[in-house]
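Here, residue 1 is the first one in the sequence, and each next residue gets the next number. In each ligand, atom 1 is the first atom listed, and ligand 1 is the first ligand listed.
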Amino acid sequence: MIDEEPVTVHRASDGPGLYAVFGQPIAHSLSPRIHAAFARDLSIALEYRAIEASAEDFVGALAAFADRGGLGANVTLPLKQHAARLCLSVSERARQADSVNTLVRRGEGWHGESTDGVGLIRDITGRHGLYVRGRRTLLLGAGGAARAVAFALLDAGISELTIANRTPERADALADAIGKPEGVHTRYWSDLGQWGSFDLIVNATSAGHGRMSLALPPSLMAPRAVCYDLSYGRASFGFLAWARSAGASHAVDGLGMLVEQAAEAFEVWHGRRPETDAIYAELRAYLPGDAED
Ligand code: NAP
């Protein structure tokens with residue numbers, strides 16, 4: 001388990017509140033920088049660490065964090081479903097999705113919340129000015145983030161959801177959890193060429209982190225389709241390059257979602273919603289562009 005140097009902001013006399021993000025890999029997480037910027041803007045004292053934890057380490061690492069006085073944590077790849085299991089209580093959104101990305105200390109235990117879905121919808125509709133209502137949607141992946149965004153996309157009014165995952169049982173489990181057989185379908189990855197075409201394609205796989213190609217055919221793209229990759233930076237380059245070459249009208253990475261889900265988490269912890277545009281612009285300038293390797 002690697003404990004990264006904390007970002008410390010505005011030390012108050014009784015010490016800053018302790019927060020963290022858990023995941024693996026975590027060393028390059030932008031969350032400490034985002035929460036530091038929010039805290040600075042709103043003059044809230046906090047320490048926010050990035051803590052590397054595998055699925056096996058997570059329970060122990062979170063207990064050690066609670067012992068040190070940890071008040072709240074974000075949880076990322078691959079821990080969101082594990083986090084849902086160890087909460088004493090969860091929000092309705094987190095329960096539906098069986099996915100927790102935000103933990104809040106309540107007494108002796110953790111309360112779990114899921115802010116990924118609302119972060120995605122805020123970014124697509126608010127920042128990028130795109131609509132989702134009525135779109136035939138393909139969701140690639142069925143992990144913790146995919147589960148959260150599936151419910152949010154349906155709530156936002158997509159007309160139909162097709163879910164495809166490398167491990168088909170997880171796609172089926174997600175479709176079963178949603179429970180709308182008339183509007184939600186699953187497809188085998190091996191039948192990729194026969195899935196039809198879609199107006200919105202959301203990549204919620206982590207394939208890009210390992211530079212793995214999803215080998216998608218251009219036939220998936222309906223005219224004027226929007227493509228969204230939950231990942232950002234180099235991990236998103238492969239999918240976004242495919243989207244552009246296959247004729248997407250918009251190919252968007254998940255940087256804005258990252259900032260928006262963080263703002264939601266910040267509000268859960270501190271009761272105040274930060275502005276997101278400045279830190280989004282700062283991170284956009286800092287991240288490598290598509291032209292770079
Ligand atoms: P996760 O729970 O570990 O799920 C990973 C998903 O990716 C699973 O569906 C997995 O399929 C699939 N996958 C992994 N490697 C693959 C490959 N080579 N080919 C095809 N599918 C593959 O992770 P997560 O928390 O859901 O995160 C998923 C992605 O979303 C990550 O890139 C993460 O960085 C991003 N994300 C971004 C934000 C944001 O705010 N922008 C928020 C959350 C997540 P199997 O089920 O077959 O293993």
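Close approach of ligand 1 to A207 (heavy-atom distance below 4.0 Å) involves ligand atoms 15 (N), 16 (C), 17 (C), 18 (N), 19 (N). Each of the following atoms of ligand 1 lies closer than 4.0 Å to a heavy atom of Q261: 40 (O). Set against the non-hydrogen atoms of R170, the atoms of ligand 1 under 4.0 Å away are 8 (C), 45 (P), 46 (O), 48 (O). Of all atoms in ligand 1, numbered sequentially from 1 with element shown, those under 4.0 Å from a heavy atom of G141 are 9 (O). Interface of L214 with ligand 1, defined as ligand atoms under 4.0 Å from a residue heavy atom, comprises 19 (N), 20 (C). Listed by atom number, the atoms of ligand 1 under 4.0 Å from A145 heavy atoms are 24 (P), 25 (O), 26 (O), 27 (O), 43 (C), 44 (C). Taking every heavy atom of T167 and a limit of under 4.0 angstrom, the matching atoms of ligand 1 come to 45 (P), 46 (O), 47 (O). Short contacts between ligand 1 and N165, defined as distances under 4.0 Å to a heavy atom of the residue, involve ligand atoms 8 (C), 9 (O), 10 (C), 11 (O), 45 (P), 46 (O), 47 (O).
In this structure, atom 23 (O) of ligand 1 lies nearest to the protein heavy atom L77 CD1, 3.1 Å. Regarding atom 29 (C) of ligand 1, its nearest protein heavy-atom neighbour is T205 O, 3.5 Å. Atom 35 (C) of ligand 1 has L230 CB, 3.8 Å as its closest protein atom, hydrogens excluded (heavy atom only). Of all protein heavy atoms, the one lying nearest to atom 32 (O) of ligand 1 is H209 NE2, 2.8 Å. If you check which protein heavy atom lies closest to atom 48 (O) of ligand 1, you get R166 NH2, 2.8 Å.
Using a 4.0 Å cut-off between charged nitrogen and carboxylate oxygen, R135 and E160 do not count as a salt-bridge pair. For K80 and D98, the salt-bridge test fails: no basic side-chain N is under 4.0 Å from an acidic carboxylate O. Ionic pairing of D253 and R284 is present here: one or more N-O contacts between side-chain nitrogen and carboxylate oxygen are shorter than 4.0 angstrom.
With distances taken over non-hydrogen atoms, the option nearest atom 14 (C) of ligand 1 out of S206, G119, G143 is S206.
Under 3.5 Å, the side chains of S231 and D229 contain a donor-acceptor pair of N or O atoms. R127 and T276 are linked by a side-chain donor-acceptor pair at a separation below 3.5 angstrom, with hydrogens and angles left out of the test.
At least one N or O atom of G144 sits closer than 3.5 Å to an N or O atom of ligand 1. For ligand 1, the polar-atom distance check against L255 finds no nitrogen or oxygen pair separated by under 3.5 Å. For a threshold of 3.5 Å applied to N or O pairs, the pair formed by A142 and ligand 1 contains at least one separation below that value.
Contacts between D116 and ligand 1 below 4.0 angstrom, taking non-hydrogen atoms only, involve the side chain exclusively. At a 4.0 Å heavy-atom cut-off, ligand 1 touches M257 through backbone and side chain alike. By the criterion of a heavy-atom distance under 4.0 Å, the backbone of A204, and not its side chain, is placed next to ligand 1. Under 4.0 Å from ligand 1, not a single heavy atom of R147 appears. Only the side chain of K80 comes within 4.0 Å of ligand 1, counting heavy atoms alone; its backbone N, CA, C and O stay farther away.
Applying the 6.0 Å contact sphere to CD of E282 captures more than 12 heavy atoms from other residues, nucleotides or ligands. Other residues, nucleotides and ligands place more than 12 heavy atoms under 6.0 Å from the CD atom of E92.
Residues C87 and L103 are in side-chain contact: their nearest non-hydrogen atoms beyond the backbone lie under 4.5 Å apart. Counting only heavy atoms from C-beta outward, the side chains of M257 and I124 never approach each other to under 4.5 Å.
Aromatic rings from H270 and Y19 are positioned such that their centres are separated by under 6.0 Å.
Residue contacts with ligand 1: T76 is excluded, as none of its non-hydrogen atoms falls under 4.0 Å.
S99 approaches A145 most closely through the heavy-atom pair OG-N, 4.5 Å.
A perpendicular orientation is assigned to the rings of F58 and F22, their planes being inclined by more than 60° (bins at 30° and 60°). Aromatic ring orientation, H128 versus Y228: perpendicular (interplanar angle above 60°, classes split at 30° and 60°).
Judged by distance alone, with hydrogens and angles left aside, the side-chain atoms of S159 form a donor-acceptor pair with the main-chain N or O of G134 at under 3.5 Å.
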